[in-house]
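Read the structure below first, then the notes.
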2 protein chains.
Amino acid sequence: MAKRVVPEAARRRRRPTKQGQVLTHAHIVETALRMLREHGPAGLTARRLGLALGADASTVYRYFRGMDDLILAIADELFGRAMASFSPSGDWQADLRELGLRIHNAYLAHPQAAVLTASRVTGRPNEVASDETILGILRGAGFPDADAVRIYHAFIDQSLAFAILDAATLALPKAAREADEEVWRDTYARLPASTHPNIAATAPLLVARMNDSAYPTALDLLLASAAAQLAG
Amino acid sequence: MAKRVVPEAARRRRRPTKQGQVLTHAHIVETALRMLREHGPAGLTARRLGLALGADASTVYRYFRGMDDLILAIADELFGRAMASFSPSGDWQADLRELGLRIHNAYLAHPQAAVLTASRVTGRPNEVASDETILGILRGAGFPDADAVRIYHAFIDQSLAFAILDAATLALPKAAREADEEVWRDTYARLPASTHPNIAATAPLLVARMNDSAYPTALDLLLASAAAQLAG
DNA sequence: TCCCTTATGCCAACGCCATTGACGTTGTTG
DNA sequence: CAACAACGTCAATGGCGTTGGCATAAGGGA
């Protein structure tokens with residue numbers, strides 16, 4: 001099977017699409033993000049992406065090995081946006097907090113992408129750069145290498161997983177959110193207080209879940225705990 | 001459109017499949033879980049499920065509205081297993097810890113299901129029962145209702161989200177894990193130490209990510225923080 | 001300037017998927 | 001024993017990702 005996908009750097013020749021568009025990896029990722037925003041995770045398909053690009057669906061395969069490859073590229077793009085123009089201040093807690101919030105925000109801006117990429121490890125440049133930066137911050141803070149790794153895994157990995165999952169659940173399309181909420185209300189409303197004495201407290205829980213991000217709180221908590229490990 | 005799906009309670013008549021199987025919701029969910037374990041998330045399709053059941057694919061639609069409905073049923077089944085025969089001891093921190101670990105374990109046993117259900121809210125009986133139980137524990141511990149809700153959202157929701165995500169990432173099929181690891185090693189090995197001075201520390205990070213669950217640590221941390229809120 | 005190579009876009013097709021409506025059949029109820 | 005409704009199956013629909021073959025245009029070499 002001949003390789004159909006050529007790395008970005010080697011590309012020199014470009015032919016415009018029948019509709020005059022000139023394609024690039026970046027343009028395709030951008031378009032895919034727009035489609036995700038407008039039509040949800042299920043709305044991103046090769047055919048529709050081709051249509052949105054003014055190209056044939058199969059053209060996408062000249063740029064990405066397949067839809068999964070594209071999805072990982074999207075994830076890495078968001079990491080890249082989060083890391084863009086970040087420079088450490090020297091205060092490691094503040095720096096890690098800043099990075100966590102940046103990643104959270106990047107995914108909040110594209111929650112549909114969060115749904116697709118949660119629990120994925122891309123190994124792509126921007127994610128690697130993020131790992132590199134965070135490890136550097138931890139080591140710069142005085143953690144021995146082994147501790148830096150342990151703390152990264154125990155706290156930072158979790159924090160980032162939270163951030164992405166939080167975005168996925170918090171910012172679903174409004175229609176779905178309301179549908180979910182309706183399901184919940186119906187379900188809870190039917191339950192007799194005799195068997196479910198705590199049902200009354202769930203209404204504000206629903207509201208909180210729909211509207212408040214718990215991530216910043218958890219981030220601070222995890223960072224404080226990491227700091228305690230350094231002190232101890 | 002006539003409703004094709006009848007609630008479990010109303011079912012009375014059963015006809016065996018051409019191959020002699022008698023179907024139930026429980027049996028279908030069980031079979032789906034087995035398929036997930038054996039063939040991964042993408043291996044669970046209506047057709048293959050029908051085949052595994054010794055029935056036509058469309059038969060599944062007599063029991064579930066669609067594949068998504070089935071997936072939510074799977075999620076609720078795992079919640080049910082986690083909550084099975086749980087009874088609070090009266091020590092609220094120990095009880096919440098126990099519940100967190102139970103849910104974590106239930107999803108660890110079916111990581112493929114975790115991949116499918118992460119970031120979903122089912123509103124189904126077992127999940128509702130879990131909410132009910134947890135709220136009861138918090139209120140029983142002396143938290144006013146508003147605090148119970150806030151703590152639930154800030155700590156418990158995150159803990160459970162991470163339990164599921166942790167299962168999803170930690171226990172992927174071995175092949176995929178090794179593939180991922182290989183990708184990572186390749187990626188990192190290529191990076192010059194000049195631009196990535198912390199690369200050396202990533203090898204143990206990979207090992208930790210692949211093998212160690214960070215969830216119990218995070219769970220304790222979140223619970224300790226909740227306890228501090230009660231004291232303060 | 002012209003040609004040749006090759007990346008690229010397009011077309012058509014494959015096999016898979018979820019889902020549905022119609023139909024026959026079976027178990028249950030009265 | 002008759003009528004009904006639930007159930008399983010069949011066949012079909014429209015969509016999906018993906019691929020091989022083909023036409024074509026861009027860029028380099030002469």
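Protein chains get the first letters and strands the later ones, always in sequence-line order, with residue 1 at the start of each.
- Between the CG atom of A:Leu99 and the CG atom of A:Leu219 there is a distance of 10.0 Å, given to the nearest 0.5 Å.
- With hydrogens and angles ignored, a donor-acceptor pair closer than 3.5 Å exists between the side chain of A:Arg47 and the base of D:dG17.
- For the pair A:Tyr63 and C:dT8, the criterion of a side-chain N or O lying under 4.0 Å from OP1 or OP2 is not met.
- When all heavy atoms of B:Ala114 and B:Ile164 are compared, the closest pair comes out as CB-O, 3.5 Å.
- Under the side-chain contact (heavy atoms from CB on, under 4.5 Å) criterion, B:Arg120 pairs with B:Asp68, B:Leu72, sequence neighbours left out.
- Distance, A:Leu51 CG to C:dG9 P: 16 Å, rounded to whole Å.
- Along DNA chain D, the nucleotide nearest to A:Asp56 and the one nearest to A:Arg48 differ in position, and the one closer to the 5' end is contacted by A:Arg48.
- As rounded to whole Å, 12 Å separates atom P of D:dG17 from atom CG of A:Leu116.
- In this structure, the ring-ring contact (aromatic ring centres under 6.0 Å, His included) partners of B:Tyr215, at least two apart in sequence or on a different chain, are B:His104.
- For D:dC7, its base never sits under 3.5 Å from the side chain of B:Thr59 at any donor and acceptor pair.
- Regarding B:Asp69, its CG atom lies at a distance of 12 Å from the P atom of C:dT20, rounded to whole Å.
- Looking at B:Thr45, its side chain has no donor and acceptor atom pair within 3.5 Å of the base of C:dC16.
- Here the C1' atom of nucleotide C:dA18 and the CG atom of B:Leu49 are 12 Å apart, to the nearest Å.
- Spacing between atom CG of A:Leu44 and atom C1' of D:dG17 amounts to 12 Å, rounded to whole angstrom units.
- Taking only distance into account, the side chain of B:Arg62 never meets the base of D:dA6 through a donor-acceptor pair shorter than 3.5 Å.
- If you check the side chains of A:Asp131 and A:Tyr152, you find a donor sitting under 3.5 Å from an acceptor.
- If you measure from atom OH of B:Tyr61 to atom C1' of C:dA22, you get 17 Å, rounded to the nearest angstrom.
- We find that CE of B:Met35 is positioned 13 Å from C1' of C:dC17, with the value rounded to whole Å.
- Straight-line distance from the CG atom of B:Asp68 to the C1' atom of C:dT19: 13 Å, rounded to whole Å.
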